[in-house]
Amino acid sequence: MTEKDLIKQIEATLKKIKLTRIISNLSEAVNALAKEGVSNSALRLWQSRIEKDYESLNKIFSTYTKEQIPIAYEAGVLFGKSELKSLGFKVSQGQRDVKAIDRLIRDMRNDFKIAIDQGKERFITYIEFSKQGKITESQISQAVGKGYLTKGTGKESKKLLGKLFKETEFKTLDETALEKSIARRLMGENRRLDRLNITDEFRNLLKEKFEKTLKEKKFLQIYDKNGDIITFQIDKYSDLVSRTRLGDAQVAGTIKIGNENGISEYQVTDHNTTTKICIPFEGKIYTTNPSNKKFEMLTDRTTPLYHVNCKHRLKMRAFTKTQLSKMPDVR
């Protein structure tokens, strides 16, 4: 199965699973919660509905992952068998690497679960800030720590936060310093935090910050390697994770069938990439044989995929002893 075949399979499968209903439900919730004068009792009912939708989404992706990882793994095995035959090998059937498949399933499920849990938490935090009445400092602290209150809000946010906490020095701090200062002040409390009232102006600011991405149907959320928040639409995130994790499974299947049939050298595919993280690996040959000093080892670091949605895969290579003897050692 080629990378294009994998994409077609992913697109066809994702159309079959029930994402549309949940996306529609959550969109309806955003529109309802954005209206003025939503009672606290109504907010609680919406929260219950939203939590059930996220729970359903997690179950859908869990089932989807369990079904699709073994299929992608077998596709990698079939691709490997085809390559072995072209190299003149008599191909053995081999056995599934159950542990590898289980690990791949666990990793893919974890990707979805993190995004779902954080997306749900963000939605629920939005509901908390929509409620009329008092709000705890710990709730504000939690939101600040997640970057909901300060990033992208500029001077007006500093002014409102300074007024709220009666600390005028916030007005002169940059966004990062402001966030850290508030978080440090609030999280450092040892006693039980008192409840406090917030102004309608401040409450509206909080709601606007949440609604901006929620109205774009960005119901999933992750943190990138820098700790910054990235929000995703459900269908786009599922496609992104699928291409990456099912690609991992493909590569694992190819390596497994190759090793079982005496292949220990693999070459990274070459398509003139311009992606910086891939350039050092493209076209290079690696080995799974520790005694072969002619090539670098194929490790977790050197094995594709190298980034989210990476298109690189592995091709099998076979060398004679004479060919290997003429090559210089690289390690």
Ser48 side-chain N/O to Leu45 backbone N/O, donor-acceptor pair under 3.5 Å = no
Do the side chains of Thr302 and Met297 get nearer than 4.5 Å, heavy atoms only?
-> no
Are Ile124 and Leu26 connected in the hydrophobic side-chain network, where two residues link if heavy atoms are under 4.5 Å apart?
-> yes
Pair Asp111-Thr65, side-chain contact (heavy atoms from CB on, under 4.5 Å): steps then yes or no = CA-CA 10 Å; Asp111 286 342; Thr65 299; over 6 Å; no
Is Asp270 reaching over with its side chain to a backbone N or O of Asn272, donor-acceptor style, under 3.5 angstrom?
-> yes
Of all heavy-atom pairs between Gly258 and Met316, which one has the smallest distance, and what is that distance?
-> CA-CE, 3.5 Å
List the steps, then state whether salt bridge (Lys or Arg N to Asp or Glu O under 4.0 Å) holds for Lys294 with Glu265.
-> CA-CA 10 Å; Lys294 308 300 180 180; Glu265 281 71 55; over 6 Å; no
Please name all residues satisfying side chain to side chain donor-acceptor pair (under 3.5 Å) with Asn110, sequence neighbours left out, ordered by chain then number.
-> none
Hydrophobic cluster membership, Val91 vs Leu87, 4.5 Å side-chain cutoff | yes
Nearest-0.5 Å distance, OG1 of residue Thr299 to OH of residue Tyr286 = 8.0 Å
Roughly how far, to the nearest 0.5 Å, is the CG atom of Leu214 from the CG atom of Leu33?
-> 9.0 Å
Considering all heavy atoms of both residues, which atom of Trp46 and which atom of Ala32 are nearest to each other, and what is their separation?
-> CZ2-CB, 3.3 Å
Leu19/Leu57 under side-chain contact (heavy atoms from CB on, under 4.5 Å): CA gap, chis, key distance, verdict = CA-CA 7 Å; Leu19 297 178; Leu57 190 61; 3.7 Å; yes
Could you label the plane-to-plane angle of the Phe123 and Tyr126 rings as parallel, tilted or perpendicular, counting under 30° as parallel and over 60° as perpendicular?
-> tilted
Is it the case that more than 12 heavy atoms not belonging to Lys113 sit under 6.0 Å from its NZ atom?
-> no
Looking at residues at least two apart in the chain, or sitting in another chain, which of them share a side chain to side chain contact (heavy atoms under 4.5 Å, CB included) with Arg106?
-> Arg103
Give the cluster check for Leu298 versus Ile279: same hydrophobic cluster or not, with ILVMFWY residues linked at side-chain heavy-atom distances below 4.5 Å.
-> no
Closest non-hydrogen contact found for Leu104 with Ala249 is CD1-CA, 3.7 Å
Are the side chain of Ser27 and the backbone of Ile23 linked by a donor-acceptor contact shorter than 3.5 Å?
-> yes
Looking at CZ of Phe61 and OG of Ser242, how far apart are the two atoms once the value is rounded to the nearest 0.5 Å?
-> 7.5 Å
Before giving the answer on side-chain contact (heavy atoms from CB on, under 4.5 Å), spell out for Gln9 and Gln68 the whole-Å C-alpha distance, their side-chain angles and the decisive distance to 0.1 Å.
-> CA-CA 10 Å; Gln9 176 187 308; Gln68 294 303 309; 3.0 Å; yes
All side chain to side chain contact (heavy atoms under 4.5 Å, CB included) counterparts of Lys218, not counting sequence neighbours | Thr213, Glu216, Thr231, Gln233
Heavy-atom check, side chain of Ser56 versus side chain of Ile22, under 4.5 Å = yes
Shortest non-hydrogen separation from Ile101 to Pro70 and the atoms involved = CG2-CG, 4.2 Å
Is any side-chain heavy atom of Phe79 less than 4.5 Å from a side-chain heavy atom of Ile257?
-> no
Does any N or O in the side chain of Ser24 come within less than 3.5 Å of the main-chain N or O of Thr20, such that one atom is a donor and the other an acceptor?
-> no
Do we see a donor-acceptor contact under 3.5 Å between the side chains of Arg109 and Ser62?
-> yes
Where Glu282 and Val268 come nearest, the two heavy atoms and their spacing | CA-CG1, 4.0 Å
Nearest-0.5 Å distance, CG of residue Asn58 to CD1 of residue Ile116 | 4.5 Å
Side-chain touch Ile234/Lys217, heavy atoms, less than 4.5 angstrom | no
List in chain and number order the residues that pass salt bridge (charged side-chain N to carboxylate O under 4.0 Å, His left out) with Lys236, two or more places apart in sequence or in another chain; answer none if no residue qualifies.
-> none
Rounded to the nearest 0.5 Å, what separation is found between the OG1 atom of Thr13 and the CG atom of Asp239?
-> 11.0 Å
Could you walk me through whether Arg313 and Thr254 pass the side-chain contact (heavy atoms from CB on, under 4.5 Å) test, one step at a time?
-> CA-CA 9 Å; Arg313 301 292 188 269; Thr254 299; over 6 Å; no
Residue list, ring pair (Phe, Tyr, Trp, His ring centres under 6.0 Å) with Phe232, at least two apart or on another chain = Tyr237
What are the two closest non-hydrogen atoms of Pro304 and Val251, and how far apart are they?
-> O-CG1, 3.7 Å
In short, ring pair (Phe, Tyr, Trp, His ring centres under 6.0 Å) pairs touching residues 248-282 with sequence neighbours left out are His271-His312, Phe281-Tyr306
Between Thr320 and Thr322, is any side-chain donor less than 3.5 angstrom from a side-chain acceptor?
-> no
Distance only, no hydrogens: is a donor on one side chain within 3.5 Å (strictly under) of an acceptor on the other, for Glu121 and Gln221?
-> no
Does Leu220 belong to the same Ile/Leu/Val/Met/Phe/Trp/Tyr cluster as Val308, with side-chain heavy atoms less than 4.5 Å apart forming each link?
-> yes
Would you sort out whether Glu11 and Lys15 count as a salt bridge (Lys or Arg N to Asp or Glu O under 4.0 Å), showing the intermediate values?
-> CA-CA 6 Å; Glu11 289 174 345; Lys15 285 180 180 178; over 6 Å; no
Is Met327 reachable from Ile263 through a run of I, L, V, M, F, W or Y residues, each pair having side-chain heavy atoms under 4.5 Å apart?
-> no
So, Arg331 side chain and Asn292 main chain: donor-acceptor pair closer than 3.5 Å or not?
-> yes
Is there a donor-acceptor pair closer than 3.5 Å between any side-chain N or O of Thr244 and the backbone N or O of Asn309?
-> yes
Between CG on residue Asp102 and NZ on residue Lys66, distance to nearest 0.5 Å = 9.0 Å
Do other residues, nucleotides or ligands put more than 12 heavy atoms under 6.0 Å from the NZ atom of Lys293?
-> yes
